[in-house]
Visitor: 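Please find one structure pasted underneath; my questions will follow.
Note that these values count all heavy atoms, side chains included, but never hydrogens, waters or copies made by symmetry.
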Protein chains: 2
Amino acid sequence: MKKDVKNVSMAVIRRLPKYHRRLKELMDKDVTRISSKELSAMIGFTASQIRQDLNCFGGFGQQGYGYDVAELYGEISRILGLTGEYNTIIIGAGNLGQAIANYSNFEKKGFHMLALFEKNPRLIGLQIRDVPVLDIDELESFCADKKIDIGVICTNKESAQDVADTLIKLPVKAIWNFAPADIQVPESITLENVHLSDSLYIISYLLKMNEME
Amino acid sequence: MKKDVKNVSMAVIRRLPKYHRRLKELMDKDVTRISSKELSAMIGFTASQIRQDLNCFGGFGQQGYGYDVAELYGEISRILGLTGEYNTIIIGAGNLGQAIANYSNFEKKGFHMLALFEKNPRLIGLQIRDVPVLDIDELESFCADKKIDIGVICTNKESAQDVADTLIKLPVKAIWNFAPADIQVPESITLENVHLSDSLYIISYLLKMNEME
C-alpha cells in the first residue's frame, strides 16, 4: 500500500469486496494473473474504472503483464481489514440471526461469532454451528471480560434502537443492523445497515420501469 | 410525477427507499408536513440534496410550507412500484429463505410469497407463516400456470448459478440473489444482489481505519 488509504473515497472502498470475491474465484481456478480488461469482462466495471480504483492504493498492475491475482487478493484483504480478528455477537436468534451465525465463511475471515442473545425461551439453549444461543439477560456478564468488536442486530424494528443503545454501552465498536429501522448511534460507533426492503424496492422500481418501456 | 422518471440516475433511485421508510415513520407519528431541513436532520442527507433528489420527480415541496408527508410518501411508493403486485418464489428454505418468507411487511407491500422450494426432505412440508415449503422438483409444475415476477435465491454459492438458470427458464422477470456468488443473467432479467459479506467487510475496513487514527 503505497498511498494513504484514508483519502480514498467510500465509493471506491465499497467496490473492493466485489474485487475480493472475484479474485478469490480466479484463485480457486488457479488463474495467476489477469488484465484489467479481463477483470472488466468478469466484474462489469470498465477497465479504466478498475485501473482507477486500484491506483488509489498505489497501483498493483504492471503494463503488459496485468495483475498478479494472489497479490492483489492479498492486498485487498489487507485494505479491507480481513487480516484482523473481530469478536462478534448477534442479538436476536430468529431465522436471520441463525442464518448469520451459520455463515462459516465469516468465521474464516476472522469474524468470530461468540454467541447469539435472545429473549424467546424456546430458542435459548440452542447451538447454531458451535455458537450458543444465550439469554439476553446474560449479555452484560458474558461481555464483561471480553472486547466485543461487532454487535449484529437481528431483532424486529421495535427493539432495534434499545438493542443498539445496550450494545453501545457494552461497548461495541461497530453495529451491523439488519432490523428495518434507522437507528441512531454516536459518531464514534461504526454503523452499517442492511435494509433488505431497500434492495427489494429497487427490484419493483426496475420491474415497473421495464413494463413502461 | 411531472418529469420523466426514466432519466433519473440510479443513485437517486437508490436513496428513495430511505425517504420512504422515514416518511412512514413520520406518518405513524401523525406528522403531516415537514421541511427539507427537518427531513435532512432526520435522514442524514443535506437539505439541498433532498430538494435536488425530489426535484428529479417534478418537486413536491412548496416554498414556506415544506413537503406534505402523506403525499410525498404516496408519490415515492408509486415511483418505487410499490402500488403493484409481485408474485414471488424463494429457492432455498434454510434460515435465510425462512427469514425472508417471514417478513410480513413484504407481503403488505405487494410482494406475494407463493412458496419456498427446497431439496432437503427435512424442510419440505413446513409452513413459514402461510408459505409452504415445496419440493424443488415441483418448481416447474407449480409455476406452469402462474406469472412469477421475482425469484429469490437463498441457496449456497455452489447452486446459485444453476438455480438462476432454472429461474430464467421459468421465466421470472427479476432475481433477488442472496447467495455469495456473482451470478450471470441475460440483460432482460432484473438482478439485485444482497452480498452480506460486502457489508461486513466495510465494517472491518472502517474498524481498521479507526484503529489507525
Visitor: Under a 4.5 Å heavy-atom cut-off, does chain B meet the side chain of Leu196(A), its backbone, both or neither?
Guide: both
Visitor: What residues of residues 109-130 of chain B sit under 4.5 Å from chain A when you count only heavy atoms?
Guide: Lys109(B), Phe111(B)
Visitor: With a strict 4.5 Å heavy-atom criterion, list every residue of residues 185-192 of chain B that contacts chain A, or say none.
Guide: Thr190(B), Glu192(B)
Visitor: Taking side chain as everything from C-beta outward and backbone as N, CA, C, O, which of these in Leu80(A) sits under 4.5 Å from a heavy atom of chain B? Side chain, backbone, both or neither.
Guide: both
Visitor: Which atoms of Asn156(A) come close to chain B, meaning under 4.5 Å heavy atom to heavy atom: side chain ones, backbone ones, both, or neither?
Guide: neither
Visitor: How long is the straight-line distance from OG1 of Thr83(A) back to NZ of Lys208(B), given to the nearest 0.5 Å?
Guide: 6.5 Å
Visitor: Looking only at heavy atoms, what is the nearest atom pair of Ser199(A) and Asn193(B), with distance?
Guide: OG-O, 4.5 Å
Visitor: Under a 4.5 Å heavy-atom cutoff, which of Val152(A), Thr88(A), Leu206(A), Ile203(A) has the most pairs with chain B?
Guide: Ile203(A)
Visitor: Would you say that more than 12 heavy atoms from the other residues, nucleotides or ligands in this model lie under 6.0 Å from the NZ of Lys146(A), or not?
Guide: yes
Visitor: Heavy atom to heavy atom, less than 4.5 Å: which residues from residues 15-30 of chain A reach chain B?
Guide: Pro17(A), Lys18(A), His20(A), Arg21(A), Arg22(A), Glu25(A)
Visitor: Less than 4.5 Å to any heavy atom of chain A: does that hold for the side chain of Tyr201(B), its backbone, both, or neither?
Guide: both
Visitor: In terms of heavy-atom proximity below 4.5 Å to chain B, should Asp198(A) be classed as side chain, backbone, both, or neither?
Guide: both
Visitor: Please identify, among Met10(A), His195(A), Met42(A), Gln184(A), the residue contributing the most non-hydrogen atom pairs under 4.5 Å to chain B.
Guide: His195(A)
Visitor: Would a 4.5 Å heavy-atom cut-off, applied to side chains only, mark Asn95(A) and Leu96(B) as touching?
Guide: no
Visitor: Taking only heavy atoms into account, what residues of residues 160-182 of chain A are found under 4.5 Å from chain B?
Guide: Lys173(A), Ala174(A), Ile175(A), Trp176(A), Phe178(A), Pro180(A), Asp182(A)
Visitor: When only pairs under 4.5 Å are counted, which of Val194(B), Leu200(B), Ile202(B) shares the most heavy-atom pairs with chain A?
Guide: Leu200(B)
Visitor: Taking all non-hydrogen atoms of both residues, which atom of Gly81(A) and which atom of Ser204(B) are closest, and how far apart?
Guide: O-CB, 4.0 Å
